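Bear in mind the structure is a predicted one, so any value in this text is a computation, not a measurement. Start at 1 and go down the list; that is how both ligands and their atoms are numbered. All heavy atoms count here, side chains included; hydrogens, waters and symmetry mates do not.
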Amino acid sequence: MVTWNNLDTLASFKELSEVERVNLVEAMSGENGADRVKNYSVPMAGGFSYNYAAKQVDDKVLAALVKLAEEAQLAEKFEALYNGEVINTGEKRLVLHHMTRGQLGDAVTADGVDKRSFYVEQQERIADFANKVHSGEITNAAGEKFTTVVQIGIGGSDLGPRAMYLALENWAKKNGKFKMEAKFISNVDPDDAAAVLNSTDVAHAIFVLVSKSGTTLETLTNESFVKDALKKAGLDPSKHMIAVTSETSPLAKSDDYLAAFFMDDYIGGRFSSTSAVGGAVLSLAFGPEVFAQFLEGAAAEDQLSANKDVLKNPEMLDALIGVYERNVLGYPATAVLPYSQALSRFPAHLQQLDMESNGKSVNRFGEPVDYPTGPVIFGEPGTNGQHSFYQLLHQGTDIVPLQFVGFKNSQIGTDVVIQDSTSQQKLCANVAAQIVAFACGKSDENRNKNFEGGRPSSIIIGEQVNPQSLGALLAHFENKIMFQGFLWNVNSFDQEGVQLGKVLAKRVLAHETDGALKVFSDLLNI
Ligand SMILES: O=P(O)(O)OC[C@H]1O[C@H](O)[C@H](O)[C@@H](O)[C@@H]1O
């Protein structure tokens with residue numbers, strides 16, 4: 001049995017806050033620093049390692065974190081989750097996204113079906129559909145092959161799949177796995193749909209309407225926008241559209257689609273990249289085998305997350321260090337900085353994954369908590385970020401912990417030697433330099449040029465962005481966020497905070513406003 005307690009009631013949390021702070025400048029300088037880089041590293045799946053040498057931890061802090069993990073029952077809570085306990089207390093739901101990529105524990109039956117079999121069945125249906133589209137067995141009305149896939153969805157039905165597609169696009173082109181170009185429409189801004197449609201040959205496009213609830217205003221509006229464009233082109237929308245939704249949604253039983261594929265209420269939108277939500281677009285774009293490899297990578301990382309030895313569990317360790325930084329050291333934000341163009345939208349996905357999950361002020365029983373929970377998450381690929389907001393990170397008044405991700409190899413392989421180094425080497429040199437610059441700083445008599453250092457970072461180092469490594473990386477962050485939710489004792493799997501704005505927007509559109517809302521409506525010409 002697991003017990004759910006607030007972080008500040010745990011004796012081990014009090015002990016952690018009393019452990020002497022690490023002076024990162026000293027820790028990371030000289031031979032000491034070299035030893036830390038060699039020793040403070042844990043292997044991950046997908047060829048990665050998680051290196052936390054430049055975090056503000058030492059063996060004493062780590063020992064206290066291990067105790068905290070034990071008292072908070074992190075391993076047992078994960079076990080309860082994958083064995084089908086109702087972890088999403090707010091919505092009274094199980095949390096089963098891990099099951100889309102493997103079976104970590106017991107078989108789980110819900111709604112009268114074995115859930116793992118249900119997810120596998122959907123994967124097989126998608127694979128069959130994608131193969132038929134690729135072979136020309138499923139075509140447009142004129143009998144011509146579809147060449148483009150356009151996903152319509154928002155939030156979890158957009159960000160993850162889009163980030164994953166962009167991450168693998170060049171890898172697929174280079175490795176002969178590229179089947180169809182994918183595009184995405186998400187914003188209700190008419191310029192989003194119009195711009196995508198203007199650059200798409202709609203007669204050869206298949207549209208994937210993705211909405212777990214089937215009620216999201218932006219997505220339903222964009223569906224109508226696309227149907228309108230198809231009709232104007234003399235095409236039958238029902239021959240160009242498929243749906244991905246939950247079986248209980250209004251879209252599930254509609255005849256408006258060529259086919260419908262399902263996820264369910266036990267998979268949160270932001271955790272749905274490995275379900276049919278990511279499966280449809282990624283299988284169409286790159287083939288079902290590539291999607292299967294992506295799932296394998298995620299499953300392998302999930303296995304590591306289930307390890308009870310904290311120092312061999314990269315996700316648990318990352319989560320614990322993050323909570324130490326947030327709740328003991330008092331840092332307000334975390335930046336995610338992938339040194340890889342392929343991961344250009346990965347930080348955007350993590351913003352939703354992390355902030356929608358752990359941006360909570362009440363615990364899982366609805367009682368207010370007296371400590372900070374999820375930090376602000378933001379990020380950009382390096383080196384672009386360096387030339388943008390790193391000034392604040394190096395010399396600003398807030399300390400912002402950093403999560404770097406770096407790869408030894410590029411995806412396309414085309415490179416050039418300028419001033420004795422390749423572009424890939426320059427990219428990697430920058431990430432190494434930044435870690436040490438942030439940690440150690442540099443003294444200068446001119447205060448303006450002085451770097452105090454002491455700014456913590458970790459780095460996930462991999463070989464290359466490919467389907468397996470991408471799956472592992474995604475699972476790393478999903479599971480880290482889950483463990484942090486356990487530590488903060490919040491429900492990471494609901495998102496009530498997004499409702500109020502939606503309700504008020506409906507009122508504006510119905511002209512049922514007064515006060516400030518009325519004046520803003522007038523100012524915006526609604
Ligand atoms: O997939 P849908 O039901 O259309 O939901 C799309 C998104 O909208 C909601 O407002 C939530 O904030 C997100 O968690 C969700 O991913």
Side-chain angles (χ1 to χ4, degrees), residues 87-91 93 95-97 100 119 122 126 150-165 184-189 192-193 207-226 241-254 256-257 260-282 345-346 348-361 374 377 474 477-478 481-482 485 490-509:
I87 296 292
N88 178 352
T89 42
E91 296 171 317
R93 290 175 181 168
V95 175
L96 298 182
H97 54 274
T100 59
Y119 299 133
Q122 297 308 312
I126 289 170
V150 183
Q151 173 142 334
I152 309 166
I154 198 164
S157 297
D158 168 66
L159 289 162
R162 189 196 292 248
M164 302 307 126
Y165 172 78
F184 297 84
I185 299 173
S186 56
N187 201 335
V188 79
D189 180 342
D192 189 8
F207 294 85
V208 189
L209 184 79
V210 187
S211 179
K212 173 180 162 180
S213 62
T215 59
T216 304
L217 182 69
E218 287 88 340
T219 301
L220 297 180
T221 305
N222 280 324
E223 178 190 19
S224 298
F225 206 106
V226 166
M241 277 200 170
I242 63 173
V244 179
T245 188
S246 59
E247 282 179 300
T248 49
S249 103
L251 304 178
K253 302 278 174 282
S254 165
D256 291 353
Y257 311 106
F261 304 103
F262 304 112
M263 37 108 70
D264 62 26
D265 280 345
Y266 309 127
I267 298 178
R270 55 194 174 275
F271 294 94
S272 66
S273 297
T274 52
S275 76
V277 169
V281 66
L282 296 175
R345 289 298 284 170
F346 198 72
H349 173 53
L350 290 189
Q351 284 174 192
Q352 185 195 8
L353 193 61
D354 202 319
M355 292 200 274
E356 207 173 65
S357 298
N358 289 336
K360 311 279 164 73
S361 309
I377 302 286
L474 177 75
F477 283 100
E478 288 184 356
I481 290 162
M482 169 194 72
V490 298
N491 174 14
S492 303
F493 303 101
D494 66 0
Q495 56 286 322
E496 293 301 331
V498 302
Q499 294 307 328
L500 179 59
K502 290 186 196 172
V503 171
L504 293 186
K506 274 197 183 142
R507 224 182 276 170
V508 172
L509 291 170

| message | Yes or no: does Q352 have any heavy atom under 4.0 Å from an atom of ligand 1? | response | yes
| query | Okay, side chain of D158, backbone of I185: is any donor-acceptor separation there less than 3.5 Å? | reply | no
| field | 4.5 Å side-chain heavy-atom contact, F261 and V277 | value | no
| said: Using a 4.0 Å cut-off to any heavy atom of V498, which atoms of ligand 1 qualify? | reply: 10 (O), 12 (O)
| Would you say ligand 1 has an N or O under 3.5 Å from any N or O of T216? | yes
| message | When you compare the side chains of D264 and Y119, does any donor N or O come within less than 3.5 Å of an acceptor on the partner? | response | yes
| Any donor-acceptor N/O pair, T245 side chain to S211 backbone, under 3.5 Å | yes
| message | Pairs of nitrogen or oxygen atoms closer than 3.5 Å, one from T219 and one from ligand 1: do any exist? | response | no
| message | As an exercise, identify every atom of ligand 1 less than 4.0 angstrom from a heavy atom of S211. | response | 1 (O), 2 (P), 3 (O), 4 (O)
| request: Give the residue, atom name and distance (to 0.1 Å) of the protein heavy atom nearest atom 16 (O) of ligand 1. | output: G156 N, 2.8 Å
| Proximal candidate to atom 3 (O) of ligand 1 [heavy atom criterion; set S213, S157, S249, G160] | S213
| field | Pair D494 + K360: basic N to acidic O under 4.0 Å | value | yes
| message | Could you identify the single nearest non-hydrogen protein atom to atom 6 (C) of ligand 1 and state the distance to 0.1 Å? | response | I154 O, 3.2 Å
| task | Classify the ring geometry between F477 and F346 as parallel (under 30°), tilted (30 to 60°) or perpendicular (over 60°). | result | perpendicular
| query | Below 4.0 Å from any atom of ligand 1, is there a heavy atom belonging to K502? | reply | yes
| Would you say the side-chain atoms of S492 pair up with the backbone N or O of N358, donor to acceptor, closer than 3.5 Å? | no
| query | So, is V210 polar-close to ligand 1, with some N/O to N/O distance under 3.5 Å? | reply | no
| field | Closest protein heavy atom to atom 11 (C) of ligand 1, given as residue, atom name and distance to 0.1 Å | value | E356 OE2, 3.7 Å
| For the side chain of Q151 and the backbone of S157, is there at least one donor-acceptor N/O pair under 3.5 Å apart? | yes
